[in-house]
Structures are given as C-alpha cells and as structure tokens.
Amino acid sequence: TPKIYTSPFPSVPLVERSIFTHLFFSSSDDPNAVGGFPGSAPAFIDAPSGTTLSRAQLKQLALSVAYGLRNNAQTRAKRGDTVLIYSQNSLAWPVVLFGSIAGGLRCTLANSAYNARELAFQYTDSGAKLIFTSEEGIATVKETFRELEVSDAEANKRIIVMGNDLQWAGGPAAQRHPAAVDLLRLEELIGKGALKEEEKFDGKQAHETVYLCYSSGTTGKPKGVETTHRNVTSLVDIVKCGFPEVKYGVDKLLGLLPFYHIYGAVKLLQFPFASGIPVIIMTRFDPVQFCANIERYKITVSFIVPPVLVVLSRHPAVDQYDMSSLKILFSGAAPLGAALSKQVVTRLASKSKGNTKITMLQGYGLTETSPTTHLVPVPYGERKIGSIGALLPNLEARLLVDGGGDGDVEATIGQPGELWIRGPTVMKGYLNNPSATKDSITSDGWFKTGDIAIRDNDGFYFIVDRRKELIKYKGFQVPPAELESVLLTHPDIADTAVIGVDSAKEATELPRAYVVHARPDTVKTEGERNAFAKEIQKWIQTKVARHKFLRGGVVVIDIIPKSAAGKILRRDLRERAKEELAG
Ligand code: 4UW
C-alpha cells in the first residue's frame, strides 16, 4: 500500500468560483468593500511614482477593461479567447490580468526578455489572439508577427500597448514609443462600459483553463501549463495558512519578481490581494532601488530568489538605507543555501544593532502546481533552515525511489525519493499534449515533480536533487532541449548536449553546452577549440533570451555520451563538468 503523506495544517474549505469573483466579491462585502477589505485600501503601488490603485479602483478598471476587450471594434475578444501578456512588471499588469480574466479570457504570460522567435512559439502554441505589450516590447512583438508572416496591418490590430504612461491611473505621463502610434492602448479600453456578465458563468468557469504559463516539465521543450480558476482559488486559500502573521493594515509587500512567472503571478498579484496586503511594484530587480523602496514604503515582506540574497550579502546599498521594517524574506524557485541565508540575516541584524530581526523562509512549487506546495511557517524559520517546508493543506505527497524493474517503491524516512503531489492545485495538463500530460500525471491524479526530496521526522521536506533535465538560472527555467535544438541550427555543430553547473558565487545554476564540431579536424588544437567555444557563446546571445545564455561555458568534445536508446547521459556530463571546473 502506498505511503501517502498529508499536511500538518488543517484542511481549508475550497470554493467553485472564478478567480475574479473569488478575489473581488466576498459574501461579507458591504457596499464599500472589495473582496472582504475596504475598497479604499491600496492594492498596487507603482514604486517610482507612488501612483496607487485602490481595491475599488482596480475592480472598476478590471470590469472596464473586460468590457473593452469584449466590445472594442478591433479586439472583439470572445469568452475563452487567449491573450498573451508580454511586459516587465508595471501598474498596468494587474489591470490587464484581472480585466482579461473578468472578461472570461485565458492569459498566457510570456517572459519579457523573450526574443521574436521565442515569443512566436508561445503565441502560436497557446493559440493567442491578442498581445498586450509594454512600450519596450513593441519592436519585438512587431518582429514576432513578421516572423509569423502576419501583415503589418493585421499585426497592428492584434497589439495592445500597456505603456509607461500612468495618466489613466492618475499617475505621471511618459514618453510614448514612436512605433506605438498605430496601436491600440490599454487606456482606450477603459471607461466605455463595465462588464456585468462575470457572475453568469462564474461556477461553470471554475474548472476551465485561465492561465497558460510555459514549463518544460521533466523533459523536452516548453509546454503550455493549463491552470484552472479552481487551481488558483485553491492555491490562494491554502497558502494563507502559511502566513498567519501577514496582516491587513500592517504588512506591505515588495513586488519585484516578474509577474509573468507563476511565482510572481500568484504570490504577488493574487495571494496578497486576497489577504488585503498592498504590493509595491518594481519593474525589475535593482539592488539600490530594492533597499531604497524598503525604506521608502516600510516594506515588511518580500518574496525573492536566492541570487537576490547574494546581492544583499554584499551590496553597499544595504548599509545606506533603513531596512528595519523588513520582517520576512521568502525565497523560492531554486535551492537556498543555509550559509547564505544565515549571512544575510546576520548582516541585516548587525547593521541595525539588532533592531532588524528578519525571518528567512523558503517555499517550493512548480508552474504545474499553481505553484506552492510546500513552505516553512515563520516559527520554524531558524530551526528548519534549508528546508522547503511542510506540505500545504488539502495536498497529498508521496516519495518514490526507483525500484529498478519492480516499479516504484516508497522511500523511507530520510531516504531520497521523487516527490509526487496530488490535490486541487495540480494543473489540468499540458496544452494539446496528451502524451506529456500522461507521462507527468498518473491515472489516479499524482503529479510527478521530477525533484528528489527527503522528508524528515517532523514532516519537513528538503530538495536534494533533480531527476528531470531542467536547468534553473536565477529561478528562470532553461530547458536544455530548447537550447540544444537552437544550437543544432548552427552549421558547425553536429551534436550537442546542455546541462546545468552550479555557481556558488551567484547562488544559481549556469547553462553549459557540450558541442561536437561538424568538421572535427578544424578544432584539433586547444586554441581552435577555445576560439570555437567563444564563438558559440557569442552566437547564442543573438538567438535566445538572456537567461538562456551559455554562462556556464561551451566545451568542444568528440562525442556526446548517450544510452543505447540514444538518450543523452546528462549525469555523465554533469560529473565531467564537475571535474573540469574543479581542475
Ligand atoms: N528549492 C529547490 C526550492 C525550489 C526549487 C522551485 O519555474 P517553475 O515551474 O516554478 C517555480 C516556482 C517557485 C515557487 C513557487 C511558489 C512559492 O511559494 C515559492 O516559494 C517562494 C516558489 O520555480 O520551476 C519548478 C522547479 O524549480 C525548482 C524545482 O526543481 C521545481 O521543479 N524549485 N522551488 N525552494 N528547487
């Protein structure tokens, strides 16, 4: 019989509603409340200008954008259509996201560093009709449509600019991109009417797909993850139990992680709103602005990734700003080293002569689990350093070791095994990909994470290894299969394999490519090999987004190690890389 672990937290009741209804309409709402908190309370704040959207304003704007998207002569969006959002963080983001979902649309969230090829893939694969883009993204979006052989006139009808101009929110004006003149702007969708329909399909919507974030899962290229309304409403409700000390009227969150990644989309745009907590939006991570905003807005909580801690452990800005308001730093998306974590806590405490007592916490999750499955509650911060925490309520977990022919067998306490998760936050599946879905979710609903974990006697989990081929650069997914297919388009590359190597200095993995030259006699000397490796490292920068650059190096080899079945032996390459980098 399988050993099924449950959560130490009591189960919470879950709802069958749309995300929009769940967040914006609470049964206890008096006329001045929005989602259980005063409508006048701040929801999102643009860090540089201080422009604030209250909860009531956001609700109004979302219903207005929903109406605009459905009724604008150019967009004419229909329920179930997909919109792609391609923008760095901004105050327009929550308006676009909640406006789209209020209107019954699906959203596919794209990395704002993507190039035209990467964007074209996601646009096509997700079946998107429209693209919301920041001013900065316009050129790439236009190039994307050219790549897809869509005429300029037609392309212009499919683009909506979510610009830096915040006049629609009572904020400052900003220069518009010259290429934006022909394009529809978010502002033009606002104020034409308000959608009243959302309640009509509310219950029915619960199990429909609402988000399509992309993840490579355990193998292969990025796939659209079908996240339903119920996945997200469940996540928002079950994750609250991990933050009983995060309170309305007291706490403020810094929103610096990208909203297009599931971690930001759910933990910054939805969970805080559901808890009545304002989020101060930063466009991107900048060490000085990070510290300055903590001082200026008296930030109490920040969700981060491990490389941010590296910066906080060293950067002089930490000494120049008052960061004593900060209570909780919450890390996820990549492994967090205990030493680094202690170093930052000690530095922040000593600089304020002990006034700053920060609790470093960790959470774990995947795009496929909407995302959080584990987190460390505050009282355990110090005792369980390095742990991803305890299983969240309403979820079940199993740990399985490869039984070697006997199928999968359960790991014993302290023994590493692959983590499987079952529960209401597990995705519906991969979009238009039944075989990948079948490989990752068993017939009785267990999702296989591809991560190797240990569970201790207290029910705390530790990630110790990864079974899947995925590489994580600073929390971003780098699917090796995608890089390999790009590398194979280079005329001088006959074969290749990409793996991740650890950089302790930057607290991240770095993608490293092994390449076989198409004409081996031209790379006989060490000098020739190095020159070719450098050339490839440069070349890839013209082909992929920044987080996929081959920062871990390029190595020319004679043959890629493969199994009899032709599978790349990545473990062998990882061992080899360790030796190369040590020597
Ligand atoms: N330690 C080691 C970790 C950890 C980790 C993730 O890009 P995705 O699909 O998704 C994410 C989600 C991160 C996240 C979600 C919710 C949350 O509360 C939180 O804590 C703050 C973080 O990154 O990548 C999923 C893969 O990323 C690795 C792991 O390999 C997983 O399969 N990963 N968190 N704490 N590894």
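Nothing here was measured: the structure is a model prediction, and the numbers come from that model. Numbering of ligands and ligand atoms starts at 1, following listing order.
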(request) Kindly tell me which protein residues have any non-hydrogen atom under 4.0 angstrom away from an atom of ligand 1, grouped by chain and ordered by number? (result)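 For ligand 1, the residues that come within the 4.0 Å heavy-atom cutoff are H261, Y263, K267, F330, S331, G332, A333, A334, P335, Q362, G363, Y364, G365, L366, T367, P371, T372, I388, D451, R466, K468, K472, Q477.
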(message) Can you pull out every side-chain hydrogen bond (donor to acceptor under 3.5 Å, both in side chains) where at least one residue sits in residues 273-283? Sequence neighbours excluded, please.
(response)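 Of all non-adjacent pairs touching residues 273-283, none passes side-chain hydrogen bond (donor to acceptor under 3.5 Å, both in side chains).
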Do [X] and [Y] have a side chain donor and acceptor closer than 3.5 Å?
| X | Y | answer |
| --- | --- | --- |
| E16 | H207 | yes |
| Q88 | S112 | no |
| Y380 | D458 | no |

(request) Considering only NZ, NE, NH1 and NH2 on the basic side and carboxylate oxygens on the acidic side, decide whether E396 and R422 come within less than 4.0 Å. (result)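 Salt bridge between E396 and R422, a charged N being under 4.0 Å from a carboxylate O: yes.
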(message) Centroid separation under 6.0 Å, is that true for the rings of F98 and F24?
(response)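 So the answer is yes for these two rings.
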